[in-house]
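As structure tokens, the structure follows; a few thoughts come after it.
Values reported hereafter were calculated over all heavy atoms of this structure, with side chains retained and with hydrogens, waters and symmetry mates removed. Keep in mind it's a predicted model, so treat the numbers as computed, not measured. Order of the sequence lines fixes the chain letters, A, B, ..., with proteins taken first and strands second; residue numbering starts at 1 for each chain.
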Amino acid sequence: MESYRSHVLICGDTGCNSSDSPQIQEKFTEELEKNGLTNEVKLIITGYHGLCELAPIVIVYPEGTSYFKVSQDDVSEIVEEHLLKGRTVDRLMYHDRDSEEKIPYYNEIDFYKQQERIVLRNCGYINPDSINEYIAQGGYEGLAKALVEFEREEVTEEVIKSNLRGRGGAGFPTGEKWKLAGQEPAEPKYMVCNADEGDPGAFIDRSILEGDPHSVIEGMVIAGYVIGAEIGYVYVRAECQLAVRRLRMAIEQAEQLGLLGENILGTGVNFTLKVVEGAGAFVCGESTALTRAIEGRRGMPRPTPPRSTEQGLWGKPTVVNNVETLACVPYILANGADWFTNYGTPKSPGTKVFALTGKVKNTGLVEVPMGTSIRDIVFDIGGGGIQQDNEIKAVQIGGPSGFCLPEDKLDLPVEFDTLDDAGAMMGSGGLVVMDEETCVVNESKLHLKFIQSESCGKCTPCREGTKRMLEILERITEGKGRSGDIELMKELGDMIINTSLCGLGKSAPNPVLSTLRCFEDEYKEHLENERCPAGVCSDLVKYQIVPDNCIGCTACARVCPVDAISGEKKQPHEIDPDKCIGCGECLKKCKFEAVVLG
Amino acid sequence: MSKLKSLEDLKRYREQAKETIKARKTNENLLIVGMGTCGIAAGAREVLNVFMEELNKRELSDITVTQTGCIGMCENEVLVGVKKQGEERITYGNVAPEDVPRIINDHVVNGKIVNDLVIGKPQSK
């Protein structure tokens, strides 16, 4: 039997791999060999740890000492000092931002301390390519319970009791959905996992599949058993190569152990799982478009009803669940609905994973109990604004078709109904922090641009409406806005929401309308004064040099990429507004506060 | 891999699988080997490996083997600390590979301190 005194965990998801994780793995192998430790120390490549900002992360067990931002050059020191001599490498530990105290264990860092990791509990802890490690952590126990100890209806009742709601955005009760499909007389039925995560900036589903693929497989088998489906599909983006590879590997291992396929655990239950790689269209996140894409047709939504639970894949009853939702299912079955409802709030039990990005110190994946306030996520876990002097002005919740919540709304708890009541939505879990250097008009334009290019073109309001809205936003940010543009956008937005066929169109105007609600002044500033207060819209940004402050150091002139700055040495310089492209390099370079926004 | 055919199969499989992540669980029971330069020179690596082998042989999974640096008694290396849950840490000195089975059997398993090897223990004892 293999026995190692120490395990070294290296995070290796898509993000970490772009920060040299594969090279670090190689270097570790080399160094362990050089020091004769190969038989004593085991290297394990895990999925996602959460704190992207400080990746790659290396954790040495049994002590659990965590090293951050490890580079190839640090590897020999870790091996010689820690693994050989038992001394920690303090400089690679996390140091508290305020007290500068070193924190040896990752779970004692503020970022992790306030999280409640249920869905992500295995991510970064186990090797996703090893079914043994998943089972060692209690994996497939939920499935075994569901198949052996419970009747079908009891499983559904347990999930209904847990009040698990769909994490994909809409928050539909999962157990109810299963019940609806289960009651349909038509055969066969299908179970589908929606892993078509397309929001820019969201990487929750991908990370779960990369870090703990078996939890999704287990959830699918349980769901399939409950609704009476023997075939399941995971619809995942082809560009998530690592997720696809690990998922396929996990399926193969589960089949070998008889946890997938025919006669699962000797109970006579059959369930086959197939992976369908999608070509990456945002609209395929819509369940009716997704099922069409699996059928091999062009991914376009159709009017509902009939819902997928009545007529989904090939016209048969189909349940479509999101990755994060399915990953909750095994734990609910293994520990009971009451355990699950201990977390979160009565109406939204459990936890929610957010992809925290933007102008915040700690970017990454965070999992918090439902009901946690957005402010706690941004400030306590996220560490607040990226620059001390800049005030956080808003967060965008729910991705490109989500809502912008201004600073004074940050005390809202993350909970389906409360967010809905406040005119926002949970969405899939994107959380983008904006500070005073973010231009909300420009942000809305980027979101709309994304949605507009992803519109499938089937219905006119979405196809034409988003195009016209984008045109208006473009001209506003270029200083060519017309009077009445704001009113026109509001009207267009309402029309698109009310008349679009699917969720993509119905939510497309959200970023614009929600920023208009709380930042109309900023729009007006662009429109009426041709000024971008955040200094982002380059057509509206004009820089000037205050002659009294300028000492003629020439630093600005040297960084200007278009030679718009002229002046004699030690004499005040000048910016030629016709040449200036508003890149802001001069402002960043000037140490004398001589360059100002015009 | 043969297929799991029942709940019992899965449970048995899990017990075996637990071994794969054993090293990631920190136990309350610790075996600490001094691995400073002095310790390594005195043969700490070999002692540590023998400890690992012995623990495996006896299938003792509730004890974690860890290391520490030089604690200042270089002439008594190899130094080995045994810290059992709820008890004070006992330090053994001049430990040789052949002493390992005794430390495991007497102290770790049966709770009897191996007095002739002890060089440090709490004064009350």
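By the 4.0 Å N-to-carboxylate-O rule, B:Arg14 lies close enough to A:Glu141 to be salt-bridged with it. The residues B:Lys3 and A:Glu262 are annotated as not salt-bridged, no charged nitrogen and carboxylate oxygen being separated by less than 4.0 angstrom.
Looking at A:Leu9, the atoms closer than 4.5 Å to chain B (heavy atoms on both sides) all sit in the side chain, from C-beta outward. Residue contact with chain A, scored on non-hydrogen atoms closer than 4.5 Å, involves the backbone and the side chain of B:Thr66 alike. The contact between A:Glu133 and chain B is made by backbone and side chain atoms together, counting heavy-atom distances below 4.5 Å. Residue A:Leu83 touches chain B through its backbone alone, counting heavy-atom pairs closer than 4.5 Å. With a 4.5 Å cut-off on non-hydrogen atoms, A:Glu149 touches chain B through its side chain but not through its backbone. Residue A:Tyr134 does not touch chain B at all, counting heavy-atom pairs closer than 4.5 Å. Within the 4.5 angstrom heavy-atom criterion, only side-chain atoms of B:Ile40, from C-beta onward, approach chain A. For a residue to count as touching a neighbouring chain, one of its non-hydrogen atoms must lie under 4.5 Å from one of that chain's; by this rule B:Leu48 touches chain A with the side chain only.
In this structure, B:Lys5 and A:Asn263 have side chains that are not in contact, with every pair of non-hydrogen atoms separated by 4.5 Å or more. Inter-residue side-chain proximity for B:Leu7 and A:Leu265 is flagged as unmet; no heavy-atom pair is nearer than 4.5 Å. B:Arg45 has its side chain within reach of A:Glu40: a pair of non-hydrogen atoms, C-beta onward, lies under 4.5 Å apart.
Under the 3.5 Å distance criterion, the side-chain polar atoms of B:Tyr13 are left unmatched by any main-chain donor or acceptor of A:Asn132.
Around atom CD of B:Glu98, more than 12 heavy atoms belonging to other residues, nucleotides or ligands sit under 6.0 Å away. Other residues, nucleotides and ligands contribute only 12 or fewer heavy atoms inside 6.0 Å of the CD atom of A:Glu101. Heavy atoms of other residues, nucleotides or ligands lying less than 6.0 angstrom from CD of B:Glu46 number 12 at most.
Atom-to-atom distance recorded for B:Thr64:OG1 and A:Tyr61:OH is 12.0 Å, nearest 0.5 angstrom. In this structure, OG1 on A:Thr46 lies 8.5 Å from CZ on B:Arg24, to the nearest 0.5 angstrom. Distance OG1/B:Thr20 to CG/A:Asn127: 9.0 Å, rounded to 0.5 Å.
The heavy-atom pair separating B:Met35 from A:Leu84 by the smallest distance is CE-O, 3.1 Å. Here the closest heavy-atom approach between residue B:Ala17 and residue A:Ala136 is recorded as O-CB, 3.5 Å.
A side chain to side chain contact (heavy atoms under 4.5 Å, CB included) with B:Gln67 is found for one member of A:Arg5, A:Arg87, A:Lys85 and no other, namely A:Arg5.
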